[in-house]
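Working notes, structure below.
The first residue of the sequence shown is numbered 1, and numbering continues consecutively from there. Keep in mind that this is a model prediction, so the values were computed, not measured.
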Amino acid sequence: MVESLEAPADGAYQIAMVRVPPELNLELFEWTSAQRRTTMPSIADVDAHHLGLRVSDIDAAVAHLSAVPGVELLGEVKQVPEGALGAGIRFGDLRSPWGLNLELVDRTHEASRPAPRP
């Protein structure tokens, strides 16, 4: 990992692999190192990141995740207005207990939904 990811030489990690059928594999790494930064980047920083998840019921997803200790709902669930590209899409943002920004997107009420992929 030192060479391929430019990880610190004293770096160690734990990994969790999440299989999301039919084709997505999500790798979650937790690194430790004496050089590790302990503050998360701001969403506007160069090294900022977020994880976007498509859900079928955003209200249920937000209620479920908001009940998890340490999860913070960032504002209210929003909806793309009528007449705009993606009208009807509902989305909301949360922050995980460890600082990861999460975006939930519900496209079930999108005005002109794209055709499903084969």
Give, for atom [atom1] of [X] and atom [atom2] of [Y], the distance between the pair rounded to the nearest 0.5 Å.
X   : Y    : atom1 : atom2 : answer
Q14 : L28  : CD    : CG    : 12.0 Å
L53 : L94  : CG    : CG    : 10.0 Å
I89 : E110 : CD1   : CD    : 4.0 Å
R90 : H109 : CZ    : NE2   : 7.0 Å
L26 : R19  : CG    : CZ    : 11.5 Å

Same cluster or not: are [X] and [Y] linked, directly or through other Ile, Leu, Val, Met, Phe, Trp or Tyr residues, by side-chain heavy atoms under 4.5 angstrom apart?
X    : Y    : result
V68  : L104 : yes
W98  : L51  : yes
L100 : V55  : yes

Does [Y] offer a backbone N or O that forms a donor-acceptor pair with the side chain of [X] under 3.5 Å?
X    : Y    : value
D10  : A34  : yes
R95  : L102 : no
N101 : H50  : no

Exercise. Any pair with a residue in residues 24-35 that passes salt bridge (Lys or Arg N to Asp or Glu O under 4.0 Å), sequence neighbours left out, goes on the list, sorted by first then second residue, please.
Key: none
Exercise. For side-chain contact (heavy atoms from CB on, under 4.5 Å), just list the numbers for R107 and R54, CA-CA rounded to whole Å, side-chain angles, deciding distance to a tenth of an Å, and then say yes or no.
Key: CA-CA 8 Å; R107 299 180 78 155; R54 188 171 179 172; 3.7 Å; yes
Exercise. Step through the shown structure and confirm whether more than 12 heavy atoms of other residues, nucleotides or ligands are within 6.0 Å of CG on L85.
Key: no
